[in-house]
Number of protein chains: 2
Amino acid sequence: MDRFLSNAVNRIDAKGRVSVPAHFRAVVQKRGFQELYALRALDVPAIDMGGLDLLDRYEARLANEDPFLQTADDMSFFCHGDGAFVKVDAEGRITVPDFIRDHTGITTDVAFVGRGQFFQLWEPQQFATHREQVRTRLLKLRQDMTARARGPVAEDMA
Amino acid sequence: MDRFLSNAVNRIDAKGRVSVPAHFRAVVQKRGFQELYALRALDVPAIDMGGLDLLDRYEARLANEDPFLQTADDMSFFCHGDGAFVKVDAEGRITVPDFIRDHTGITTDVAFVGRGQFFQLWEPQQFATHREQVRTRLLKLRQDMTARARGPVAEDMA
DNA sequence: TGGGACATCTTGGGCGTCAATGGGATTTAC
DNA sequence: GTAAATCCCATTGACGCCCAAGATGTCCCA
């Protein structure tokens with residue numbers, strides 16, 4: 001498998017370490033990454049984590065911005081300056097640093113959430129809340145699209 | 001046969017395993033799936049299950065979205081992060097994880113429902129209820145469409 | 001047409017392997 | 001010198017894998 005998929009919750013031990021799910025480790029290894037790169041997600045209390053190709057996503061977007069505008073500067077600052085490297089030990093564990101705890105609210109358990117090209121770290125309860133919010137938004141999107149597909153007549157009838 | 005058709009109810013054993021109907025297994029094998037992928041259906045208490053091509057449909061849709069808008073994030077979160085791999089053992093059984101039980105209400109028995117490109121897992125009683133609701137909705141839709149096809153006059157007459 | 005043999009599917013249970021976790025020992029940085 | 005990080009090893013619990021038997025349906029033959 002070459003994508004980060006599914007999710008899992010693991011416990012942080014007394015030393016502040018937590019196992020990266022074996023499935024995710026396989027993806028990391030297959031892609032040949034020695035270290036992981038971590039970014040604080042912008043609008044949610046989660047950490048985006050992955051190989052350095054995590055940056056590709058942002059740099060592609062950066063390339064489209066006018067370098068004289070503040071937006072480009074901010075984006076660069078965000079993805080280049082505000083990230084952190086995270087080392088994986090021989091057993092496939094990472095140590096959870098303070099900035100991750102602060103941004104996510106993680107204390108004793110970590111939810112690992114696959115996102116295809118990368119994965120996220122969530123506080124389990126926050127994750128549960130967020131996933132329901134996402135489902136609600138997608139359901140509404142689906143209903144809106146369904147209504148439009150039926151045409152204005154059906155929409156009026158509703 | 002290359003599509004998932006018909007339905008069947010099987011029992012979960014003491015270890016939380018349930019046989020995938022032989023007919024569905026034949027389709028899985030014919031399509032060359034090593035593992036199954038499970039997603040919680042958006043608006044019904046059912047699990048969508050199929051090969052990884054289940055994801056292809058969503059990812060193709062995802063590619064049309066602006067990757068920096070919330071909708072793209074939601075879609076990725078839903079199909080990458082909220083799914084789960086399910087392994088099929090040598091006898092063609094799967095173990096039913098908790099998130100499937102929580103979302104569907106499944107406890108002792110599982111209804112497998114063919115959906116062509118994929119199949120669904122239902123709690124048998126919920127399935128029975130839903131199949132009648134679907135029939136009712138389709139009947140109403142058919143009547144509505146018939147009325148519209150007859151023109152506004154016929155609609156007013158109704 | 002009814003019965004019996006057979007094949008296949010479903011179900012049950014034991015065992016080994018691997019991943020997650022806990023803890024001690026050694027090294028490194030400050 | 002102290003604290004943190006890293007390495008190494010042990011435990012355990014879940015999961016995958018194997019073998020076995022009951023149930024169900026099918027086909028053939030009398």
Side-chain angles (χ1 to χ4, degrees), chain A residues 1 4-30 33-38 49 84-102 106-114 119 121-124 127, chain B residues 1 4-30 33-38 47 49 83-102 106-114 119 121-124 127:
Chain A
M1 191 53 51
F4 296 102
L5 294 174
S6 189
N7 62 80
V9 175
N10 287 338
R11 176 175 299 273
I12 298 180
D13 67 16
K15 294 179 169 183
R17 300 171 302 183
V18 63
S19 292
V20 176
H23 182 247
F24 287 7
R25 291 201 309 259
V27 178
V28 169
Q29 192 174 19
K30 182 167 185 176
F33 298 130
Q34 302 298 324
E35 284 181 310
L36 294 173
Y37 196 65
M49 189 171 279
F85 287 102
V86 176
K87 281 178 186 166
V88 184
D89 71 14
E91 285 75 38
R93 285 182 286 198
I94 58 175
T95 307
V96 182
D98 282 341
F99 85 93
I100 290 185
R101 296 171 191 266
D102 293 342
I106 288 172
T107 53
T108 63
D109 293 83
V110 181
F112 291 82
V113 182
F119 61 90
L121 271 50
W122 286 79
E123 191 281 320
F127 170 55
Chain B
M1 189 56 57
F4 297 103
L5 297 174
S6 188
N7 62 81
V9 175
N10 286 338
R11 177 174 297 274
I12 298 179
D13 68 17
K15 294 170 81 172
R17 301 171 303 184
V18 63
S19 291
V20 176
H23 182 244
F24 287 6
R25 289 203 308 262
V27 178
V28 169
Q29 193 174 18
K30 181 167 186 177
F33 300 140
Q34 302 297 325
E35 286 179 308
L36 295 174
Y37 196 66
I47 298 293
M49 191 170 279
F85 283 105
V86 176
K87 281 180 183 160
V88 185
D89 70 14
E91 287 73 37
R93 284 179 291 194
I94 58 175
T95 48
V96 182
D98 282 341
F99 92 101
I100 289 185
R101 297 170 190 266
D102 293 343
I106 287 172
T107 54
T108 62
D109 293 82
V110 181
F112 292 81
V113 183
F119 61 91
L121 271 50
W122 285 81
E123 192 280 320
F127 170 56

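Every chain is numbered from 1 and lettered A, B, ... according to where its sequence line falls, protein lines coming before strand lines.
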If I take atom [atom1] in residue [X] and atom [atom2] in nucleotide [N], what distance separates them, rounded to the nearest angstrom?
| X | N | atom1 | atom2 | answer |
| --- | --- | --- | --- | --- |
| B/F24 | C/dC9 | CZ | C1' | 15 Å |
| B/R93 | D/dC15 | CZ | C1' | 13 Å |
| B/K15 | D/dG16 | NZ | P | 10 Å |
| B/E35 | D/dC15 | CD | P | 14 Å |
| B/N10 | C/dT8 | CG | P | 18 Å |
| A/I12 | C/dG23 | CD1 | P | 15 Å |
| A/Q29 | C/dA19 | CD | C1' | 15 Å |
| A/D13 | D/dA10 | CG | C1' | 14 Å |

Next on the checklist: Apply side-chain contact (heavy atoms from CB on, under 4.5 Å) to residues A/V110 and A/W122 and explain how you reach the verdict.
Outcome noted: CA-CA 6 Å; A/V110 181; A/W122 286 79; over 6 Å; no

Next on the checklist: It should be established whether A/R25 places a side-chain nitrogen or oxygen under 4.0 Å from OP1 or OP2 of nucleotide C/dA20.
Outcome noted: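 Yes, within the criterion.
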
Next on the checklist: Just N and O in the side chain of A/K87: are any of them under 4.0 Å from OP1 or OP2 of D/dT6?
Outcome noted: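 Answer is yes, contact under 4.0 Å.
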
With heavy atoms under 4.0 Å as the rule, sort [X] into base, sugar-phosphate or nothing.
| X | value |
| --- | --- |
| A/V88 | nothing |
| B/R11 | sugar-phosphate |
| B/D89 | nothing |
| A/A22 | sugar-phosphate |

Next on the checklist: How long is the straight-line distance from CD of A/Q29 back to CZ of A/F24, given to the nearest 0.5 Å?
Outcome noted: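 Rounded to the nearest 0.5 Å, the CZ-CD separation comes to 15.5 Å.
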
Checklist entry - If you measure from CD1 on A/I12 to OG1 on A/T108, what distance do you get to the nearest 0.5 Å? => result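 Here the interatomic distance stands at 7.0 Å.
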
Checklist entry - D/dG16 base to B/R17 side chain: any donor-acceptor pair below 3.5 Å? => result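 No, no donor-acceptor pair under 3.5 Å.
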
Checklist entry - Ignoring hydrogens and angles, does a donor from either the side chain of B/E91 or the base of D/dC17 sit under 3.5 Å from an acceptor on the other? => result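 Looking at the base of D/dC17, it does not pair with any donor or acceptor on the side chain of B/E91 (distance under 3.5 Å).
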
Next on the checklist: Please check if the number of heavy atoms outside B/Q34 that lie under 6.0 Å from its CD is greater than 12.
Outcome noted: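 Counting other residues, nucleotides and ligands, CD of B/Q34 stays at 12 neighbours or fewer.
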
Checklist entry - Is a donor on one side and an acceptor on the other found under 3.5 Å between the side chain of A/R93 and the backbone of A/V88? => result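 It does not hold such a pair.
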
